[in-house]
There are 6 protein chains.
Amino acid sequence: MSNGTSGQTLYVINPNSSTKVTEGIDAAMAPLRQNTSLPIVCRTLAEGPPGIESQRDADGVIAPLLAHCLALENSAAGFVVACFGDPGLHALRDATRKPVLGIAESAVLTAMSLGQRFGVISILSPSVPRHMRYFGAMGVMNRLAGDLPLGLGVAELSDETRTLTRMVEVGHTLRYGHGADVLIMGCAGMARYRDTLEKETGLPVVEPSQAAAAMALGQIALGWAHRSGQDEEAR
Amino acid sequence: MSNGTSGQTLYVINPNSSTKVTEGIDAAMAPLRQNTSLPIVCRTLAEGPPGIESQRDADGVIAPLLAHCLALENSAAGFVVACFGDPGLHALRDATRKPVLGIAESAVLTAMSLGQRFGVISILSPSVPRHMRYFGAMGVMNRLAGDLPLGLGVAELSDETRTLTRMVEVGHTLRYGHGADVLIMGCAGMARYRDTLEKETGLPVVEPSQAAAAMALGQIALGWAHRSGQDEEAR
Amino acid sequence: MSNGTSGQTLYVINPNSSTKVTEGIDAAMAPLRQNTSLPIVCRTLAEGPPGIESQRDADGVIAPLLAHCLALENSAAGFVVACFGDPGLHALRDATRKPVLGIAESAVLTAMSLGQRFGVISILSPSVPRHMRYFGAMGVMNRLAGDLPLGLGVAELSDETRTLTRMVEVGHTLRYGHGADVLIMGCAGMARYRDTLEKETGLPVVEPSQAAAAMALGQIALGWAHRSGQDEEAR
Amino acid sequence: MSNGTSGQTLYVINPNSSTKVTEGIDAAMAPLRQNTSLPIVCRTLAEGPPGIESQRDADGVIAPLLAHCLALENSAAGFVVACFGDPGLHALRDATRKPVLGIAESAVLTAMSLGQRFGVISILSPSVPRHMRYFGAMGVMNRLAGDLPLGLGVAELSDETRTLTRMVEVGHTLRYGHGADVLIMGCAGMARYRDTLEKETGLPVVEPSQAAAAMALGQIALGWAHRSGQDEEAR
Amino acid sequence: MSNGTSGQTLYVINPNSSTKVTEGIDAAMAPLRQNTSLPIVCRTLAEGPPGIESQRDADGVIAPLLAHCLALENSAAGFVVACFGDPGLHALRDATRKPVLGIAESAVLTAMSLGQRFGVISILSPSVPRHMRYFGAMGVMNRLAGDLPLGLGVAELSDETRTLTRMVEVGHTLRYGHGADVLIMGCAGMARYRDTLEKETGLPVVEPSQAAAAMALGQIALGWAHRSGQDEEAR
Amino acid sequence: MSNGTSGQTLYVINPNSSTKVTEGIDAAMAPLRQNTSLPIVCRTLAEGPPGIESQRDADGVIAPLLAHCLALENSAAGFVVACFGDPGLHALRDATRKPVLGIAESAVLTAMSLGQRFGVISILSPSVPRHMRYFGAMGVMNRLAGDLPLGLGVAELSDETRTLTRMVEVGHTLRYGHGADVLIMGCAGMARYRDTLEKETGLPVVEPSQAAAAMALGQIALGWAHRSGQDEEAR
């Protein structure tokens with residue numbers, strides 16, 4: 001089950017085409033870079049849409065995401081798919097023996113060690129049923145306190161004060177109305193809000209790309225790999 | 001929430017490129033055609049792979065499947081995605097207000113009215129974790145008796161006697177070893193085995209493309225439609 | 001497993017004695033009648049109480065309901081039990097090989113293909129624990145957003161404007177307070193409110209007798225039948 | 001919420017007409033009678049069938065069972081419904097403020113304090129899906145190890161050695177094959193096998209009529225009562 | 001599996017050092033003492049803290065609690081651990097063949113026979129995640145309506161009017177906001193509030209030390225015992 | 001929510017007194033030490049029993065474990081509790097703001113990113129119900145394939161060939177009989193068997209102390225901390 005890692009880089013792929021989001025993810029990696037000699041490289045999927053807002057958007061990035069990752073496979077120690085919803089996660093696990101982590105899965109698993117019931121702060125309400133399907137697939141519905149959208153449009157999201165104020169409001173509702181004792185940011189690229197959100201809500205806040213990169217570093221170090229389709233056929 | 005149906009045809013799309021599978025699906029529609037005046041047209045997705053065996057295969061057909069369906073939208077009364085695993089189901093629901101049914105979802109929902117615990121007869125073992133994720137997303141794990149693969153290669157599958165013998169064996173294991181009281185065929189295009197499998201196992205057998213087409217006919221008649229992304233934005 | 005259907009009629013039985021409810025159910029069948037040549041006949045159980053409001057009421061109709069249905073068995077293609085709560089559903093499945101559908105079960109299964117979390121609009125609060133037991137028996141609690149009563153007395157229910165206003169209120173609470181993305185009307189005979197309720201809440205609304213009749217038509221066409229006690233003994 | 005108990009007798013009702021079963025239940029009460037001054041009276045429902053083997057049988061006894069119990073209400077301190085499956089349990093709770101316990105519910109709740117996963121020894125295989133629905137309604141599927149039938153016909157059941165041998169076999173399968181650490185006898189009237197079954201399997205064995213009578217004595221002493229329909233209407 | 005009971009006393013151990021709490025528990029035993037000849041003796045664990053408010057407090061009492069109980073084993077018919085959270089419950093079950101009941105476990109099991117969804121009134125909010133873990137371990141999350149803290153400090157708790165007013169408030173929220181149809185007092189020693197709380201909320205209220213003592217009396221009478229470590233090794 | 005980490009060492013505490021187990025844990029840290037500059041120090045709890053085999057053993061180590069850890073708090077960056085079952089995990093989280101990971105929790109969370117259904121290889125059968133309670137508390141029962149004991153006594157465990165042979169046997173049963181696609185070693189100190197077990201079973205194998213140390217390193221780097229009792233009181 002060795003993943004035969006020879007590559008030297010952890011690739012964190014932002015599957016939307018917004019370089020600003022990629023920059024936010026890259027900044028979130030800073031604390032991890034202090035503790036590892038492995039390079040962490042954040043990349044933008046040029047073929048992705050500006051934002052992933054629907055299941056259709058999510059499914060649409062899978063093919064270019066796989067192509068992008070497989071072209072990097074030789075130099076890769078592992079991959080993080082950095083869109084909350086983890087498009088292509090299992091397809092990429094089918095296609096490579098390198099560790100592949102998704103930011104939604106990793107955020108939930110990390111939150112499960114930081115509190116008993118996690119609350120998710122989503123951007124838009126249509127994401128919520130998609131998340132429910134995903135948490136159901138993960139078998140963790142009993143740990144979910146709630147998943148609430150910010151409900152902010154693009155213009156409002158560009159106003160950082162407005163966004164942060166709304167995140168704190170939703171965080172309070174998740175804590176006091178739904179019993180959350182740990183929060184998950186339901187999107188990538190917003191690590192800059194984490195500290196304030198933790199202080200204002202009094203709860204630990206999981207930034208999902210950090211959660212996934214940390215799990216990836218561990219799995220790379222320990223040589224773990226998902227059982228791939230090839231392993232199956234080889235038997 | 002009207003789906004504004006003006007189209008007159010139920011399209012059943014086989015997302016793999018095997019016309020033999022499409023023919024099997026088409027034959028399975030015969031009993032439904034006797035009871036409805038709505039044309040049921042089965043189509044092959046030329047861009048699909050010969051068979052869908054991995055999550056990667058499944059995700060890969062979503063983009064061409066959506067294009068294929070949206071090109072038919074004007075004449076469509078509704079759509080069935082005829083691959084067990086339902087690739088693109090939610091993406092297509094995001095993209096059209098017409099009823100869209102998947103054969104795995106419909107087979108499970110139908111089986112839940114025919115028995116208390118359903119057993120699934122899959123083709124290959126790597127499908128099983130994919131199915132588990134899907135049944136988890138559906139929230140129906142407590143109704144699952146088991147999901148067991150036939151474990152037959154392509155050559156063996158072309159031997160109908162061999163295939164049927166193995167299906168009956170797996171059906172017996174699901175009934176007597178796992179407590180199944182209804183069976184689901186975990187693939188499209190094998191309706192011809194249904195009668196014998198029912199007789200030999202003593203259990204009702206859900207052929208999934210039949211289940212989905214029947215549900216689609218009902219939803220078309222009743223004007224139901226999934227809430228689409230557009231509805232959300234319109235509010 | 002053939003159900004040996006020779007009968008030609010789908011019987012929809014209202015197990016309470018209110019002919020006004022039966023008329024409401026009959027009107028709800030109109031769209032289905034356009035798509036099938038099979039007669040759909042709605043009948044009132046004369047022995048039933050005016051309304052079924054408690055578990056005791058529900059259990060009390062089972063014996064006359066079975067007698068009523070079995071007297072019709074020769075001419076029946078299948079049966080729908082048209083009381084939300086499905087009294088006698090499994091007893092009738094034990095007693096006949098014809099397809100038997102219940103409106104609560106069918107409404108939930110249908111809603112599971114139209115949204116991720118269903119909300120139920122019940123008439124009276126004592127029904128709610130009864131529904132919880134039933135959804136638990138179905139294994140679908142993870143898909144339930146909430147079940148809220150209208151809390152209207154008989155006099156208020158006869159005021160259609162008042163009733164509809166209250167249904168819309170409860171629908172909004174289920175959507176915005178509980179995260180429902182599909183609604184179920186938790187009683188028979190109110191299909192006339194469906195369109196307005198869908199428009200006002202922006203969600204698909206499942207009228208349960210329609211859901212059950214549609215599923216019954218599919219199962220009749222496809223020759224499915226629940227495994228009956230006789231099958232078991234025969235082995 | 002006082003149940004206003006003035007009655008002085010705990011009635012244990014066997015809803016089938018077999019007096020031999022009632023005698024078995026009565027014998028099982030001996031250890032409880034040593035610790036309470038409250039009379040425990042076991043009664044046979046003359047209107048019941050000789051045995052309750054199907055959902056139809058179970059539902060059919062509800063009406064006479066209710067009539068039987070309500071006729072005893074003045075002298076009753078509480079009721080036990082002594083058929084595994086608990087027919088009429090909730091209907092009787094709707095109809096009286098006296099404590100009402102069912103033997104299946106009580107056996108499961110008791111077993112949950114004696115082990116982590118309970119195994120059920122059923123008489124006939126058609127009972128199993130009925131039990132699954134009931135355990136699902138109770139929300140305890142994660143505590144179920146398995147439910148396996150003896151599969152003995154009437155003639156074989158009258159052979160006590162044969163029956164006990166088979167019970168021990170099934171008990172071993174539940175322990176070593178399914179991970180049960182506590183067993184439930186899935187029928188009334190067989191308390192005489194309990195000691196041997198415990199010794200042979202090394203597991204605690206819950207005889208369900210004992211479990212229900214013990215819980216009833218506690219609830220009578222403590223003045224607990226299920227919220228009844230009347231309470232609801234009174235508010 | 002005989003527990004070989006020769007002891008004659010049911011010991012109810014309050015694992016905190018507050019004799020006032022022990023007195024409250026002792027008073028709660030009165031109705032049970034009227035129905036049994038078995039002495040019920042309530043004891044204070046001198047080594048315990050004044051109150052158990054954290055997981056650390058709970059874990060800290062286990063060692064002295066075990067020592068305390070094992071010193072009493074010869075004269076014991078059984079034990080109740082009278083702290084909501086059941087510290088040491090399974091350790092004590094490992095160490096003795098006498099019946100051992102915990103008040104949280106017993107309260108939940110009892111509530112499951114008195115309503116469909118239980119609401120828990122806790123003292124302080126940090127207890128809530130601890131309770132969630134425990135209800136999860138019991139596999140009963142689908143029966144939980146909610147668990148809400150009083151949020152009263154020590155000074156306020158000594159004000160009985162203030163405490164009762166707040167308990168009723170929380171009870172109403174659990175009933176009307178969360179759908180609870182039975183309430184559990186999430187602490188020992190407060191049986192004096194039970195009657196008023198039942199009257200004001202219209203729901204049955206389970207006082208947990210009563211629930212556990214009643215279950216213990218039943219298990220003692222019936223000779224049930226948890227499978228102990230010794231049994232395992234003996235095989 | 002900053003954990004105010006000033007300490008520089010990750011402490012991995014073996015709560016049993018067997019230095020051989022501690023040595024096995026220490027050896028398992030090698031791959032992680034290559035990727036971090038943070039010292040990882042493994043320590044033996046002198047006050048612990050030679051092995052932790054029962055709930056009583058597990059609970060008994062909590063008090064000395066807490067004392068041991070709190071004495072190290074100033075120099076600690078975080079803690080790992082290295083006994084499968086995680087004794088004292090939540091108590092220690094109550095007592096310190098430093099990250100605290102348990103090896104059972106971390107192994108399960110890690111396995112959930114490596115496969116869909118995890119199988120656990122336990123040492124002795126009495127551990128299994130304890131694990132079931134823990135997996136239930138974690139809310140992950142739907143991801144569990146099975147938990148099977150080696151059933152080897154102390155003498156047999158010291159025979160490494162015998163132990164490994166038996167681990168492979170159990171691993172095969174978990175894969176082919178229970179559908180596991182990832183395995184967890186249900187004890188600490190056996191990392192030396194991991195490679196062979198992976199090769200022989202064809203599945204990824206999670207060594208739990210590695211899983212916990214990797215998660216701890218991530219949480220230390222990212223400054224995450226469980227909400228502690230102090231935070232609660234401070235508000």
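Convention: sequence-line order gives letters A, B, ...; per-chain numbering from 1.
- Of all heavy-atom pairs spanning F:L114 and A:Q219, the tightest one is CD2-OE1, 3.5 Å.
- When the candidates A:V100, A:L101, A:T110, A:L89 are compared by the number of heavy-atom contacts under 4.5 Å with chain F, A:T110 comes out ahead.
- Shown here are the salt bridge (Lys or Arg N to Asp or Glu O under 4.0 Å) partners of F:E73, two or more places apart in sequence or in another chain: there are none.
- The minimum heavy-atom distance linking A:V205 with F:W224 is given by the pair O-NE1, 2.8 Å.
- Annotation for A:M215 and F:L109: closest pair CE-O, 4.4 Å, computed over non-hydrogen atoms.
- The stretch residues 134-143 of chain F places F:A137, F:M138, F:G139, F:V140, F:R143 near chain A, each with some heavy atom under 4.5 Å from a heavy atom of that chain.
- With respect to chain F, the highest number of heavy-atom pairs below 4.5 Å among A:E207, A:Q34, A:E105 belongs to A:E105.
- Counting heavy-atom pairs closer than 4.5 Å to chain F, the top-ranked of the candidates A:P31, A:A214, A:G218, A:A28 is A:P31.
- With sequence neighbours excluded, the residues satisfying salt bridge (Lys or Arg N to Asp or Glu O under 4.0 Å) with A:E160 are A:R192.
- Residues satisfying the salt bridge (Lys or Arg N to Asp or Glu O under 4.0 Å) criterion with A:E169, sequence neighbours excluded, are A:R166.
- Both the backbone and the side chain of A:M112 come within contact range of chain F, each with at least one heavy atom under 4.5 Å from a heavy atom of that chain.
- Of the two parts of A:V206, the backbone and the side chain both hold a non-hydrogen atom closer than 4.5 Å to a non-hydrogen atom of chain F.
- The OG1 atom of F:T36 lies 12.5 Å from the CG atom of A:L38; values are rounded to the nearest 0.5 Å.
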